[in-house]
Amino acid sequence: NLVPHDQTLFEERHLCYISPLGKGNFGCVELCRYDPLGDNTGELVAVKKLQPNKGSNLEDFQKEVKMLSVLHCDYIVKYRGVCYSMGRLSMSLVMEYLPYGSLNGYVWTNRHNITTRRMLLFSSQICKGMEYLQTQRYVHRDLAARNILVANESLVKIADFGLTKVLPFDKEYYRLSQPGQSPLFWLAPECLNENKFSHKSDVWSFGIVLHELFSYCDNSINPKRLCLQEIGQNVQGTSLSMHLSNMLASNWRLPAPPNCPLQVYSLMKDCWTHDFDKRPSFSDLSKKVENMIQDDR
Ligand SMILES: CCc1cc(O)ccc1-c1ccc2c(C(=O)Nc3ccc(C)nc3)n[nH]c2c1
């Protein structure tokens with residue numbers, strides 16, 4: 001047919017369901033094979049169905065699709081297209097399938113043979129992905145090891161832009177009208193105190209991701225557990241975020257992971273500078289991590 005084939009439109013009849021993927025992080029995500037030839041030679045894709053009932057209406061979904069479709073970076077999960085179904089009453093988001101799953105599961109499973117060098121490589125790739133997002137004025141707001149996906153043994157990509165906001169043209173931060181649903185333990189003080197999100201609050205979260213990585217994503221020492229330990233059981237009255245905010249204001253920070261290289265821990269501490277203006281940028285961080293990779297030879 002002479003109509004130019006739209007590569008981003010997936011016909012529902014050729015989208016063959018294989019198995020469930022998302023563990024709730026990404027909503028309900030399924031592994032499918034797009035197999036127009038019907039001979040199982042089609043490619044594997046990750047598909048997120050619009051949850052018609054979950055209030056996230058078509059408009060929000062279309063905003064996420066619009067936001068994703070303009071991102072082109074080696075360190076960001078590739079948008080592939082959309083699939084309309086039920087006569088356009090519902091739609092699905094089709095993304096590149098990354099076969100090794102979330103970074104937290106991958107690092108824990110392979111903790112006995114992941115070198116510091118490979119962790120630093122993953123860290124620099126996350127920095128570059130975040131640097132790219134910053135050029136698009138995107139604030140991710142949910143940077144965590146669970147939201148990074150593993151493409152292969154030496155490539156990770158940033159995923160799940162469900163909470164991402166685009167900064168307004170005239171402001172360098174995004175203020176949420178009410179406390180969001182980002183997990184508290186990855187949030188910078190200004191997010192806890194004022195719901196203010198920026199590239200600099202993403203830098204704070206990157207520091208937490210470094211901590212997760214160099215803790216080999218061991219759940220027994222994950223950020224949530226370490227913070228709750230510090231707060232102690234006496235969480236009387238004061239809300240958790242208030243407790244956390246007070247601890248951070250009096251300069252408590254997550255302890256260095258076991259056997260963590262000193263310069264990596266000091267990089268985390270730089271990301272956890274209380275004053276967001278004094279935190280390094282993702283381009284500063286990229287350079288520092290690259291230098292560590294050179295030194296690590
Ligand atoms: C479509 C939802 C979405 C929305 C968005 O805005 C950004 C990324 C994604 C997404 C979420 C998950 C995946 C996955 C995967 O989950 N892969 C895997 C592989 C192996 C195992 C064990 N588990 C898991 N691959 N590509 C994915 C893209």
Side-chain angles (χ1 to χ4, degrees), residues 7-10 12 15-34 42-52 54 56-85 90-111 114 122 125-126 128-130 132-133 136-166 180-183 197 202 205 209 212 217 219:
Q7 306 296 334
T8 67
L9 212 49
F10 290 75
E12 190 183 28
L15 205 51
C16 312
Y17 171 79
I18 296 178
S19 62
L21 276 180
K23 301 168 287 307
N25 268 336
F26 298 108
C28 91
V29 183
E30 298 172 344
L31 172 59
C32 297
R33 180 185 297 279
Y34 190 62
E43 63 162 343
L44 296 176
V45 286
V47 179
K48 177 163 91 169
K49 291 198 174 336
L50 170 66
Q51 317 268 0
K54 271 201 180 162
S56 76
N57 53 21
L58 191 59
E59 179 187 319
D60 287 356
F61 203 85
Q62 281 174 323
K63 235 176 5 184
E64 183 177 348
V65 168
K66 177 92 191 63
M67 219 171 52
L68 287 165
S69 58
V70 299
L71 296 178
H72 303 289
C73 172
D74 292 342
Y75 308 110
I76 294 196
V77 179
K78 283 190 178 13
Y79 164 82
R80 299 306 316 278
V82 289
C83 173
Y84 290 102
S85 48
S90 173
M91 71 190 289
S92 299
L93 170 64
V94 182
M95 299 292 283
E96 160 189 26
Y97 172 65
L98 274 72
Y100 289 76
S102 297
L103 182 57
N104 55 339
Y106 178 83
V107 163
W108 175 249
T109 309
N110 299 282
R111 62 192 176 283
I114 292 190
F122 290 164
Q125 291 170 347
I126 296 166
K128 287 178 191 148
M130 291 306 295
Y132 172 79
L133 280 183
Q136 307 301 308
R137 295 182 65 76
Y138 282 20
V139 174
H140 191 285
R141 294 189 48 241
D142 198 9
L143 189 55
R146 62 181 175 277
N147 287 334
I148 307 288
L149 289 166
V150 184
N152 60 51
E153 284 88 346
S154 53
L155 179 61
V156 294
K157 303 191 181 195
I158 297 170
D160 199 15
F161 298 85
L163 296 182
T164 302
K165 300 286 183 192
V166 185
Q181 63 269 42
S182 308
F197 290 81
D202 277 347
S205 303
V209 172
E212 293 184 273
C217 297
N219 271 324

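Whatever order the structure lists ligands and atoms in, that order sets their numbers, starting from 1.
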Closest to atom 17 (N) of ligand 1 (heavy atoms only, candidates L98, L44, L71) is L98
Proximity of E96 to ligand 1 by residue part, where a heavy atom lies under 4.0 Å:
backbone
Any idea which part of L68 is under 4.0 Å from ligand 1, heavy-atom wise: side chain, backbone, both or neither?
side chain
May I have the step-by-step check of side chain to side chain contact (heavy atoms under 4.5 Å, CB included) for F61 and V82, ending in yes or no?
CA-CA 11 Å; F61 203 85; V82 289; 5.8 Å; no
Using modelled atom types and a 3.5 Å cut-off, is there a donor and acceptor pairing between side-chain atoms of N147 and backbone atoms of D142?
yes
Tell me whether Y138 contacts the main-chain N or O of M67 through its side chain, where contact means a donor paired with an acceptor under 3.5 Å.
yes
Which ligand 1 atoms are under 4.0 Å away from a heavy-atom of A46?
1 (C), 13 (C), 25 (N), 26 (N), 27 (C), 28 (C)
For the pair D202 and L133, evaluate side chain to side chain contact (heavy atoms under 4.5 Å, CB included) and give the outcome as yes or no after the intermediate values.
CA-CA 10 Å; D202 277 347; L133 280 183; 5.9 Å; no
From Y100 atom OH to L149 atom CG, the distance as rounded to the nearest 0.5 Å
13.5 Å
Test side chain to side chain contact (heavy atoms under 4.5 Å, CB included) on Y79 and V70 and set out the steps.
CA-CA 8 Å; Y79 164 82; V70 299; over 6 Å; no
Nearest non-hydrogen atom to atom 14 (C) of ligand 1 belongs to which of L149, V65, V45?
L149
Judging by distance only, is a nitrogen or oxygen of K48 under 3.5 angstrom from one on ligand 1?
no
With heavy atoms under 4.0 Å as the rule, classify the contact between S102 and ligand 1 as side chain, backbone, both or neither.
neither
